[in-house]
Amino acid sequence: MKLPDSARFSTICIHAGQEPDPSTGAIITPIFQTSTYVQEELGRHKGYEYARTQNPTRFALEQNLAAIEGGRAAYAFASGMAAINAITTLLQSGDHVVVTDNTYGGTFRLFDKVLRKYGLEFSYVDTSRPELIEQAIRPQTKMLFVETPTNPVLRLTDLARVAEISRSRDIRLVVDNTFASPCLQRPIEFGADLVMHSTTKYLNGHSDSVGGIVIAARQEDADWLKFIQNAAGAILSPFDSWLVLRGTKTLAVRMAQHNLNGQALAEYLEKHPRVKRVIYPGLPSHPQHELAKRQMKGFGGMLSFELNSFEEARQVCNRVRLMALAESLGGVETLMTHPASMTHASVPAEQRAAIGLSDSLVRISAGIEDVQDLIDDLAQALGEG
Ligand SMILES: Cc1ncc(COP(=O)(O)O)c(C=O)c1O
C-alpha cells in the first residue's frame with residue numbers, strides 16, 4: 001500500500017504509517033504487547049531489542065502523527081504532560097521560556113513547581129498580543145510555548161506572527177495544539193518547530209486513553225526527543241498507541257461534526273436570554289474571529305458561556321442530563337465543566353479574573369451526538385423548571 005504524495009488530510013489520517021502486518025496481512029497494526037524480542041544470534045536481530053526503545057505499534061502511531069501534523073518525526077509519551085516534560089529537556093539550566101499566560105493548569109504546574117527548581121525561568125504573557133512577547137524576550141530566551149486556542153477563554157495566538165518573532169531571534173516555537181487538533185490547525189505550516197498534543201483529547205477521541213505526542217520539524221530536535229523518550233522512558237503503551245491509531249482514522253469526520261455541533265450550540269446560547277456572553281471562535285462576536293478564519297480550518301467543539309452568577313452556573317452544571325459533568329475534552333460525548341471550581345481551581349482568583357475566567361463561566365466540549373438532543377438538554381438545564 002503506497003500513500004501517494006498528493007494524499008489529502010483524511011487519507012493521511014487513515015493510512016500514514018500503517019502497512020498490512022507482514023506476517024499475517026492483518027490490515028490493522030497489531031498490539032505488540034511484548035517487553036522484548038528474540039535475537040537470531042549475537043548481534044543479529046530484526047531492529048527490535050527492547051520495548052521501551054522500540055515497539056512496532058508505537059512506531060506506527062508516531063509515523064501516522066508525524067504525517068498528520070506535517071512534521072519530520074513524532075514521539076509518543078505516556079501523557080500530554082510527559083510529552084511537554086520531554087520537550088523541556090531540550091533546554092538547559094539558565095534558559096528562559098515565554099509561555100501563554102492562559103496555558104493549561106498542568107503545564108503551569110510543571111513549569112512553576114518542578115522545572116524552576118532546575119534553573120529554568122518562565123514568563124507568562126498574553127501571547128494574543130505579539131508586542132508583549134517581544135517585550136518579554138531576553139538574551140536567555142530559548143523557547144516560546146504557545147497554546148491556541150486557550151482553555152477555557154478560547155483566546156487565539158497568531159501563529160504566523162509568533163513564528164516570525166521566534167525565527168528572527170533563533171527561539172524554538174512550541175505549540176500545544178490539543179484544543180484545535182491537526183484537522184483544524186497545523187502549526188508547522190506556520191513555522192512552528194515543535195507541536196504537541198494530549199492525545200487523550202481529540203486524537204484518541206473516545207475518552208478511553210491517556211497519552212501525549214510531540215511532533216518535531218527539525219532533525220536535531222527529533223534526534224533529541226528519540227533519545228529522551230528512551231533515556232527517561234515515559235513511553236506510550238502498545239495498547240494506548242493502538243487506541244490512538246484507531247482514533248486518528250476517524251479524526252476528520254469527527255472534527256467535522258464537532259465543528260457543526262460547536263457552532264450550533266454557540267449560536268443557540270448566544271440567543272438565550274439567560275446567557276450573558278458566549279466565547280466561540282466561530283462567532284463573529286469573538287474578538288479574534290478573523291484570525292480564527294485565517295489560521296483554523298474549522299472552529300472546533302470547544303465553547304464557553306457566561307451566566308449572570310455562580311449560582312446560575314452551578315444550576316446549569318447540575319441540571320444537564322445528556323451532557324456529562326466531567327473534566328477533559330475532545331471525546332465523542334459532550335462534556336460540561338465549571339472551570340473556576342474544576343480545572344482551574346488551583347489558579348489564583350485574581351489570575352482567573354485577569355484572563356476573563358469568572359465564577360459564572362461554563363465550558364462545553366461539544367461531542368458528536370445529534371445536536372438537537374444537545375440543544376434540548378441545554379434548554380431544560382437553562383429553563384426555570
Ligand atoms: C491543552 C492541554 N495540554 C496538555 C494537557 C495535558 O495532557 P494529559 O492530561 O494527557 O497529560 C491537557 C490536559 O487536559 C490540555 O488540555
Side-chain angles (χ1 to χ4, degrees), residues 58 61 65 69 74-88 97 99-115 122 124 127-128 143-157 159 174-185 187 192 194-215 229 232 234-237 239-241 243-244 247-248 258 279 281 296 300-304 324-331 335-339 342-347 355 357 363-366:
R58 196 178 79 224
L61 174 67
L65 282 170
E69 277 288 5
Y75 298 94
F77 294 89
S79 67
M81 289 319 305
I84 295 174
N85 192 50
I87 291 172
T88 61
V97 185
V99 188
T100 301
D101 57 354
N102 177 210
T103 195
Y104 169 63
T107 306
F108 173 75
R109 181 175 54 201
L110 173 70
F111 292 174
D112 192 58
K113 300 282 187 293
V114 183
L115 299 175
F122 300 89
Y124 300 89
T127 52
S128 70
M143 190 175 278
L144 176 53
F145 190 99
V146 166
E147 208 178 300
T148 181
T150 62
N151 173 25
V153 296
L154 302 162
R155 206 186 264 161
L156 269 55
T157 292
L159 290 174
V174 182
V175 179
D176 181 338
N177 202 26
T178 300
F179 255 50
S181 91
C183 184
L184 308 187
Q185 177 172 280
L194 293 150
V195 177
M196 68 74 47
H197 289 267
S198 163
T199 59
T200 316
K201 311 300 191 295
Y202 285 110
L203 293 179
N204 176 55
H206 292 75
S207 310
D208 53 12
S209 160
V210 171
I213 193 89
V214 184
I215 302 103
Q229 186 192 42
I235 47 162
L236 191 65
S237 77
F239 184 49
D240 286 290
S241 299
L243 282 172
V244 181
T248 60
H258 285 299
I279 315 173
M296 299 175 75
M302 301 305 301
L303 62 144
S304 295
L325 184 62
E327 295 192 7
S328 203
L329 61 114
L335 305 182
M336 180 175 275
T337 54
H338 179 250
M342 294 168 73
T343 48
H344 289 64
S346 62
V347 178
I355 57 163
L357 197 179
R363 189 193 82 183
I364 293 177
S365 166

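Worth saying up front: this structure is predicted, and the values here are computed from it rather than measured. Indexing begins at 1, ligand by ligand and atom by atom, following the structure's order.
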Which of the atoms of ligand 1 are close to [X], meaning less than 4.0 Å from one of its heavy atoms?
| X | value |
| --- | --- |
| Gly211 | 10 (O) |
| Thr200 | 10 (O) |
| Glu147 | 1 (C) |
| Asp176 | 1 (C), 2 (C), 3 (N), 4 (C) |

Passing candidate, side chain to side chain contact (heavy atoms under 4.5 Å, CB included) with Thr148, options Leu156, Asp176, Thr127, Asn102: Leu156
Quick check against the 3.5 Å criterion: does [X] have a side-chain atom that pairs as donor or acceptor with the backbone of [Y]?
| X | Y | answer |
| --- | --- | --- |
| Thr103 | Phe108 | no |
| Glu147 | Thr100 | no |
| His258 | Ser365 | no |
| Ser79 | Gly211 | no |
| Ser241 | Leu61 | no |

Shortest protein heavy-atom distance from atom 8 (P) of ligand 1, along with the residue and atom involved: Gly80 N, 3.4 Å
Heavy atom of the protein closest to atom 16 (O) of ligand 1 (residue, atom name, distance): Tyr104 CD1, 3.8 Å
Non-hydrogen atom of His197 closer than 4.0 Å to ligand 1: no
Location of contacts on Lys201 toward ligand 1, heavy atoms closer than 4.0 Å: side chain
Separation of Tyr202 OH from Asn177 CG (nearest 0.5 Å): 11.5 Å
Heteroatom distance test (Thr107, ligand 1): nitrogen or oxygen, under 3.5 angstrom: no
Geometric N/O contact Val210 with ligand 1, under 3.5 angstrom: no
Tyr124 and Phe111 aromatic centres sub-6.0 Å: no
Best match, Ser198, Ala78, Ser79: closest heavy atom to atom 7 (O) of ligand 1: Ser198
